[in-house]
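Read the structure below first, then the notes.
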Amino acid sequence: MYAFLIGKVADLYPDRVILEVNNVGYNVIISSSTANKLPPIGCEVKLYTHTSVREDAMELLGFLNKDDLEMFRDLISVSGIGPKSALNLLSVMDANSVRIAIVTGDAGSLAKAPGLGKKSAERLIVDLRGKYNADTVITQASSGGEELLPDTELNARISEARDVLGALGFNPTEALGAIRSLEITDDMDVDAIIAEALKVIR
């Protein structure tokens, strides 16, 4: 319906913003992370939008960048994941972190979103893992100067294992790709992850 809206912030709430465009106020549903990044009332902003149509309501959802919008659309394409769950996830993780969690099979990070749950997180991984190229996702995260993985206990071990493999002379991206291919359980320590990854790399 609308690709984007450019207007002034007329009013702001934790879950929505009233955007004034040509003297018309649009009620736009947003994630809490988007709300925290919006400029003060009276300032102009551009929001990329998605129109959600249900039997009982039609809602306009807004995002500060195309990446978050496309991730939102990927998320709601999965059975059982509605707009609210998708926004809850994007409130605690940005689009890039969601992709990394999906390609690394990190259901724990995804399940931290309010109302999502472990089963839904695992469904996201199963349904969307093939949509993203893991090497591309990891390389983009690395080149962007951001953390390669969300900050969780499991990913702290994965990150440490990657760093050790890098110190041994392996390419960090290749090392992380090898680790990603493993079935990593919660009881595996760093040494166990490294040992298994070495089998894959060699």
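Just so you know, residue 1 is the first one in the sequence shown, and it goes up from there.
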Legend entry - Listed partners of Asp163 passing side-chain hydrogen bond (donor to acceptor under 3.5 Å, both in side chains), at least two apart: none

Inset, instruction - Could you pull out all residues at least two apart from Ser91 that satisfy side-chain hydrogen bond (donor to acceptor under 3.5 Å, both in side chains)? - result: Ser32

Inset, instruction - Please tell me if the side chains of Ile30 and Asp15 come closer than 4.5 Å, counting only heavy atoms from C-beta onward. - result: no

Legend entry - Leu64 vs Leu38 side-chain heavy atoms within contact, under 4.5 Å: yes

Legend entry - Side-chain (Thr49) to main-chain (Leu61) donor-acceptor, under 3.5 angstrom: no

Inset, instruction - Could you tell me whether the side chain of Thr104 and the main chain of Ile100 form a donor-acceptor pair under 3.5 Å? - result: yes

Inset, instruction - Indicate the atoms forming the closest heavy-atom contact of Gly105 with Ile125, along with that distance. - result: C-CD1, 3.6 Å

Inset, instruction - Output, in order, the C-alpha distance, side-chain angles, deciding distance and verdict of side chain to side chain contact (heavy atoms under 4.5 Å, CB included) for Leu75 and Leu89. - result: CA-CA 9 Å; Leu75 293 172; Leu89 182 54; 3.9 Å; yes

Legend entry - Carboxylate-amine/guanidinium proximity below 4.0 Å for Arg99 and Asp94: no

Inset, instruction - Answer yes when Glu122 and Lys119 have at least one side-chain N-carboxylate O distance shorter than 4.0 Å, and no when they do not. - result: no

Inset, instruction - To the nearest 0.5 Å, tell me how far Ile29 CD1 sits from Lys84 NZ. - result: 11.0 Å

Legend entry - Residue pair Tyr132 / Asp74, side-chain donor-acceptor N/O under 3.5 Å: yes

Legend entry - Donor-acceptor pair between Asn36 and Ser33 side chains, under 3.5 angstrom: no

Inset, instruction - Return the orientation label for the Phe63 and Phe72 ring planes: parallel under 30°, perpendicular over 60°, tilted otherwise. - result: tilted

Inset, instruction - Carefully, step by step, assess Lys199 and Glu196 under the rule salt bridge (Lys or Arg N to Asp or Glu O under 4.0 Å). - result: CA-CA 5 Å; Lys199 295 177 184 178; Glu196 292 301 312; 3.1 Å; yes

